[in-house]
Amino acid sequence: MRLISANVNGVRAAHRRGGVAWIAEQQPDVVALQEVRATDAQLRAVLDDVGMGDWSVAHTEAADAGRAGVAILAPVPLTDVRVGLPGFEQAGRWVQARVGDVTVASTYVHTGEAGGPREEEKLAFLDRIGERMSELVAEKAVLTGDLNICHTALDLRNVKGNVGKSGYLPQEQAHLDRWAAAGWRDVVRADAGAVDGPYTWWSWRGKAFDNDTGWRIDYQWASPVMAAAVTGVQVGRAPSYAERWSDHAAVVVDYGTG
């Protein structure tokens, strides 16, 4: 099973830049999208354009369709679709579905703002994610998405400049620590080892992309049984700034199951 997860930073914009066609060319079995920023009809129109018009879609829009939005796509029927988390039902930040016997979740965690209400909201959402993951840990399950958290110093090029800022706060990182302690595996880190990166987000501004001054905030966390089935991992970093179709890179993982 090839699972591609990607923050598309607006699926229509990514499509205009060739990103959705790129995803289709990778021949995925499942696709998890974040920051879709579109209506159901607009997402369907994009999929039609790249030959994925007959795929099953589980999509939840934010109350403001111009923000957030997450989706799961597959060429087979999706079952047991669940939208939202308790207290965040209309946020457009969580959708999960079963693809065969594997549960896939797509999430877009809040950006946050240290010391403010946005950070409190982010931490509350992470609490709800942890509760759902505890329900799924014994199953074939993968949590994908933009978590807006760098787990360790290896995940952030400019550590010194971001100490005390949302995205690199100990209270955020503690959630990921708990997931790991419960048996979930960050499959990109497990594959890459103790190296800087591979980063998945770079600012559009300046030379951040060219200098690889990035953040690794896009993840696939696999339950123990799925982690044991990983056969390949790659981060789809664009070859050049001009070829970027999002400010994020896709995460592509092959699982020897399903």
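All values below were derived from every heavy atom in this structure, side-chain atoms included, with hydrogens, water molecules and symmetry-related copies excluded.
Heavy atoms only, all atoms of each residue included: E135 and E139 are closest at O-OE2, 3.7 Å. P86 and R132 make their closest contact through CD-NH2, 4.1 Å (heavy atoms, listed as atom of the first residue, atom of the second, distance). Closest of all the heavy-atom pairs between Q96 and I72 is CA-CD1, 3.7 Å. Taking all atoms of both residues into account, the shortest heavy-atom contact from D196 to Y199 is CB-OH, 3.6 Å. Nearest heavy atoms, S246 versus V8: OG-C, 3.6 Å. The two residues A208 and S203 come nearest to each other via the heavy atoms CB-O, 3.9 Å.
Within the 4.5 Å cutoff, the side chain of S166 has no heavy atoms near those of the T111 side chain. Contact of the V195 side chain with the R189 side chain is registered, since non-hydrogen atoms from C-beta on lie closer than 4.5 Å. For the pair D54 and M52, the minimum side-chain heavy-atom distance is 4.5 Å or more. A heavy-atom distance below 4.5 Å is found between the side chains of V235 and V188. The shortest side-chain heavy-atom distance between S223 and V142 does not fall under the 4.5 Å cut-off. Taking the side chain as every heavy atom from C-beta outward, V252 and V233 never approach each other to under 4.5 Å. In this structure, V83 and W94 have side chains that are not in contact, with every pair of non-hydrogen atoms separated by 4.5 Å or more.
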message: Show, in sequence, the C-alpha distance, side-chain angles and deciding distance for D155 and W215, and conclude whether the side chain to side chain contact (heavy atoms under 4.5 Å, CB included) test is met.
response: CA-CA 6 Å; D155 302 315; W215 299 53; over 6 Å; no
field: Check against side chain to side chain contact (heavy atoms under 4.5 Å, CB included), Y255 and T231
entry: CA-CA 6 Å; Y255 299 90; T231 59; over 6 Å; no
- prompt: Can you check side chain to side chain contact (heavy atoms under 4.5 Å, CB included) on H59 and V36, steps first, answer last?
  reply: CA-CA 9 Å; H59 172 224; V36 175; 3.7 Å; yes
field: Stepwise side chain to side chain contact (heavy atoms under 4.5 Å, CB included) check, V11 with R37
entry: CA-CA 7 Å; V11 71; R37 298 185 183 178; over 6 Å; no
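Put simply, the side chain of R178 never gets that close to the backbone of Q173: no donor and acceptor are under 3.5 Å apart. Between the side chain of Q171 and the backbone N or O of L123 there is no donor-acceptor pair closer than 3.5 Å. Q220 places a side-chain N or O within donor-acceptor distance of the main-chain N or O of V251, the cut-off being under 3.5 Å. Not a single donor-acceptor pair under 3.5 Å links the side chain of R93 to the backbone N or O of T60. A side-chain donor-acceptor contact under 3.5 Å links R44 to the backbone of G53. Q42 contributes a side-chain N or O that, together with a main-chain N or O of T39, makes up a donor-acceptor pair within less than 3.5 Å. No side-chain donor-acceptor contact under 3.5 Å links S56 to the backbone of P75. Remark: side-chain polar atoms of N162 are paired, donor with acceptor, to backbone N or O of N158 under 3.5 angstrom.
Shown here are the salt bridge (charged side-chain N to carboxylate O under 4.0 Å, His left out) partners of R17, two or more places apart in sequence or in another chain: there are none.
Side chains of T200 and D218: a donor on one and an acceptor on the other come within 3.5 Å. Residues E243 and S240 have side chains that bring a donor and an acceptor to within less than 3.5 angstrom of each other. T107 and Q34 share no donor-acceptor pair across their side chains, judged by distance under 3.5 Å alone.
Sparse packing is recorded around CZ of R185, with 12 or fewer heavy atoms of other residues, nucleotides or ligands lying under 6.0 Å away.
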Residues 143-154, side-chain donor-acceptor partners within the protein, below 3.5 Å, at least two apart:
residue	atom	partner	partner atom	Å
T144	OG1	A105	O	2.8
D146	OD1	N148	N	3.0
D146	OD2	N7	ND2	3.0
N148	ND2	V109	O	2.8
H151	NE2	D177	OD1	2.7
T152	OG1	L154	N	3.2

Give the table of side-chain donor-acceptor pairs shorter than 3.5 Å for residues 19-29, with sequence neighbours excluded, one pair per line with atom names and distance.
residue	atom	partner	partner atom	Å
Q26	NE2	W22	O	3.0
D29	OD2	R2	N	2.7

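Distance check: H15 NE2 to L47 CG gives 9.0 Å after rounding to the nearest 0.5 Å. To the nearest 0.5 angstrom, F209 atom CZ is 9.5 Å from Y241 atom OH. Separating the CG atom in N9 from the CG atom in L33 is a distance of 12.5 Å, to the nearest 0.5 Å. Remark: Y219 OH to W179 CH2 distance equals 9.0 Å, nearest 0.5 Å. Distance check: R82 CZ to T103 OG1 gives 9.0 Å after rounding to the nearest 0.5 Å. If you take CG on D254 and CD on Q234, they are separated by 7.0 Å, rounding to the nearest 0.5 Å.
A cation-pi arrangement is found for R237 relative to W202, the charged atom lying closer than 6.0 Å to the ring centre and inside a 45° cone about the ring normal. Taking the centre and axis of the six-membered ring of W204, the NZ or CZ atom of R244 falls inside the cone set by 45° and 6.0 Å.
Paired with V57 under the rule side chain to side chain contact (heavy atoms under 4.5 Å, CB included), one option of V31, L78, L73 passes, and it is L73.
Taking 4.0 Å as the cut-off between side-chain N and carboxylate O, D186 and R216 count as a salt-bridged pair. With respect to the salt-bridge test (charged N to carboxylate O, under 4.0 angstrom), the residues K165 and E119 do not qualify. We find that R118 and E121 are not joined by a salt bridge, their nearest charged nitrogen and carboxylate oxygen being 4.0 Å or further apart.
Linking ILVMFWY side-chain heavy atoms closer than 4.5 Å, directly or via other members, places W55 and I4 in a single hydrophobic cluster.
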